[in-house]
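Below: one structure, written as structure tokens.
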Amino acid sequence: MKLRLVARVEARVPAPVAVLAVFEGSRTLSPVLEPLQAQLGDSVAAFLKSGAFKGESGEVRELTPGDGKFERVLIFGLGKKDKLTADALRKLAGNAQRRMDGAKIPKYASYLGASVDGVKGVGLDAATVYETIAEGMLLGGYQYRGYKTDKAPQRVDEAVLFVPRAHADAAKRGQIIAEGTLYARDLINSPANYMTPSDLADAAARMARNHGVKVTVWNRQRIERERMHLLLGVSRGSVEEPRFVVMEYGKPVKGKGPLVFVGKGITFDSGGISIKPAANMEQMKYDMSGAAAVVGAMMNVARLQLKGHFVGLFAASENMPGGKATKPGDVHNSRDGKTVEIINTDAEGRLILADALSYAKEFKPSAVVDNATLTGACVIALGHAIGAMGNDAALMDRVRAAAEYSGERLWELPMWDEYADGLKSAVADLRNVTGGRGAGTISAAKFLEKFTDYPWVHLDIAGAAWEDKDSGYRPRGAAGAAVRVFTKLADGWFR
Ligand code: BES
Ligand code: MN
Ligand code: ZN
């Protein structure tokens, strides 16, 4: 879908439907919408004045005015003025978009921003309003058609959003941020046979070429030379060769190392020899969501031309039970030199991340944030929220602030030393699982921590990365989790 911005509220938009919103208890349109009255028609004003529409959040009404320029006018409730959040607006824009996509119309005009802008007593600045609405529209309008051969039903192909000239840049920011997320969603939703480790590396390289990001793709021989034996150990069971991808944007900054993003790129997780049960195994194509988020975030950083030095890393592999696969009890070396006894081959994410985190040391980073669909335990603990763990309170605060800004749910879990107790091995420096049933998300993070020596936060996105049903700006399938957190963190990092 194309998002077109118009700068004059009275500009005639040849669309059959107009979308707007009113606050609870308000019987008039926002002052910014005054010049649109004539086009909306008198019956819309009369309807609002009657009090038949309460303006409660979740309320929606469709009018067919007859007297105005639009065939239909869709009015949403915004709830109480002082309660409106950026994320509520993002959700509203997403819901409106999905409703329009189902309405079999080519085009609609959105006055959602103008419905909030200029209203007194709202706790959001106008730039945030227009940014989040543009973001919500594009995120909500996403649909993965994949490999369906029938003709797609008609959806909106152009949404016209009224944005005053002063806030056009904010709306464009929202658009860019959403598009990076959509790029990640596409990579994730792709079936694993069309998104092998080399396909994923190619997609990252294509993104990098198109947006002025430096990129290097390592093949198996190079990965061997780089001594990433944990990554190699995971990929042994597959006929698909692993890849390691290094992306870089901006130039070294004096006195402050780069901000490094790291992702888990398991393009399919069968569990390996410790094979997974059949139920829902098809979902394990999304086990590369962490890598996809790094690609989407680097795309955003480049398109927003953020000042500073940013590095994106991911390790890509399949986790399969082929004849050469790593067996439970096998020991592999790591890039770091620490040896690891592989007790459970299904705990593969922490292995490939360990080598990536060790490599990140070479950039002398000011901070590293990794993200991974790492543990089923995180889905049990937090549901559709990101689990965050780390070794640096100040960095955690900044990650939390970035998540709050972007509406991504994130919650910190403790990193007490006792959680690492079960990681001792009788034959190697470490084992890859504790064997116990408790706090699996945290013991995974404790394993990763052993491979870090810089300010670091780990995001477990196992629950946040996938949606089972449509809601707000998150249609079912890949969510594109962490892309917007990363983008916001990057935006503030070198200021
Ligand atoms: N990719 C999975 C984690 C996962 C599970 C993500 C469900 C999304 C939904 C990961 O590689 C894995 O298999 N983890 C194991 C760890 C266990 C063996 C300690 C798990 O969570 O069961
Ligand atoms: Mn696994
Ligand atoms: Zn996995």
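Whatever order the structure lists ligands and atoms in, that order sets their numbers, starting from 1.
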Suppose we measure from [atom] to each protein heavy atom; which comes out shortest, and what is that distance?
{"atom": "atom 2 (C) of ligand 1", "result": "D269 OD2, 3.5 Å"}
{"atom": "atom 19 (C) of ligand 1", "result": "V433 CG1, 3.6 Å"}
{"atom": "atom 7 (C) of ligand 1", "result": "M284 CE, 3.7 Å"}
{"atom": "atom 18 (C) of ligand 1", "result": "N344 ND2, 3.3 Å"}
{"atom": "atom 4 (C) of ligand 1", "result": "G376 N, 3.9 Å"}
{"atom": "atom 16 (C) of ligand 1", "result": "R350 NH2, 3.9 Å"}
{"atom": "atom 10 (C) of ligand 1", "result": "L374 O, 3.3 Å"}

Please test R350 against V433 for side chain to side chain contact (heavy atoms under 4.5 Å, CB included), starting from the C-alpha separation and ending with a verdict. CA-CA 10 Å; R350 64 196 73 184; V433 294; 4.0 Å; yes

Under-4.0 Å salt bridge between R145 and D150: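 Judged by the 4.0 Å cut-off on N to carboxylate O distance, R145 and D150 do form a salt bridge.
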
Looking at R206 and D202, does any basic side-chain N land under 4.0 Å from a carboxylate oxygen?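 Salt bridge absent between R206 and D202.
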
Near R222 CZ, under 6.0 Å, is it more than 12 heavy atoms from other residues, nucleotides or ligands?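 Yes, enclosed.
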
Does CZ belonging to R155 count more than 12 external heavy atoms closer than 6.0 Å?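 Result for CZ/R155: enclosed.
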
Under 2.8 Å from the Zn ion (ligand 3), how many protein N/O/S atoms can be counted?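 Count of protein N, O, S atoms less than 2.8 Å from the Zn ion (ligand 3): 4.
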
For [X], take its heavy atoms, then give the atoms of ligand 1 lying under 4.0 Å from any of them.
{"X": "K264", "answer": "1 (N), 10 (C), 11 (O)"}
{"X": "T373", "answer": "1 (N), 2 (C), 3 (C), 6 (C)"}
{"X": "T375", "answer": "3 (C), 21 (O)"}
{"X": "E348", "answer": "11 (O)"}

Under 2.8 Å from the Mn ion (ligand 2), the protein N, O or S atoms, given as residue and atom: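 Only D269 OD2, D346 O, D346 OD1, E348 OE1 fall inside 2.8 Å of the Mn ion (ligand 2).
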
Name the orientation class of the two ring planes belonging to [X] and [Y] (parallel below 30°, tilted from 30 to 60°, perpendicular beyond 60°).
{"X": "Y286", "Y": "W466", "value": "parallel"}
{"X": "W456", "Y": "H458", "value": "parallel"}
{"X": "Y194", "Y": "Y147", "value": "parallel"}
{"X": "F261", "Y": "F486", "value": "parallel"}

From M247 CE over to M299 CE, what is the distance, rounded to the nearest 0.5 angstrom?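 Between atom CE of M247 and atom CE of M299 there are 12.0 Å.
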
Evaluate side chain to side chain contact (heavy atoms under 4.5 Å, CB included) for F447 paired with L351, printing each intermediate quantity in order. CA-CA 9 Å; F447 181 90; L351 300 174; 3.9 Å; yes

May I ask you to check whether Y454 and D392 show a side-chain donor-acceptor distance below 3.5 Å?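 Per modelled atom types, Y454 and D392 side chains form no pair under 3.5 Å.
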
For atom 1 (N) of ligand 1, which of the options L351, D287, I352 provides the nearest non-hydrogen atom?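 Going through L351, D287, I352 one by one, D287 has the nearest heavy atom to atom 1 (N) of ligand 1.
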
Distance to the ring centre below 6.0 angstrom and angle to the axis at most 45 degrees; does that hold for K446 and Y419?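 No.
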
Are any of the N/O atoms on D346, whether in the backbone or the side chain, positioned under 3.5 angstrom from an N/O atom of ligand 1?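 Yes: some nitrogen or oxygen of D346 is under 3.5 Å from one in ligand 1.
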
Evaluate the side chain to side chain contact (heavy atoms under 4.5 Å, CB included) criterion for residues T441 and M389: first the C-alpha distance (whole Å), next the side-chain angles of each, then the deciding distance (0.1 Å), finally the verdict. CA-CA 9 Å; T441 303; M389 290 141 280; 3.6 Å; yes

Any heavy atom of Y286 sitting closer than 4.0 Å to ligand 1?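 Flag set, Y286 near ligand 1.
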
Working note: R173 + D491, criterion salt bridge (Lys or Arg N to Asp or Glu O under 4.0 Å); need CA distance, chi angles, decisive distance, verdict. CA-CA 11 Å; R173 259 182 66 85; D491 193 6; 3.2 Å; yes

Can you confirm whether some protein heavy atom lies under 4.0 Å from atom 22 (O) of ligand 1, or whether none does?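 False for atom 22 (O) of ligand 1.
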
Within the 4.5 Å heavy-atom criterion, are Y144 and I188 side-chain neighbours or not?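 Counting from C-beta outward, Y144 and I188 never come under 4.5 Å.
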
Decide yes or no for V234 and I266: does some side-chain heavy atom of the first lie under 4.5 Å from some side-chain heavy atom of the second?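 V234 reaches I266 side chain to side chain.
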
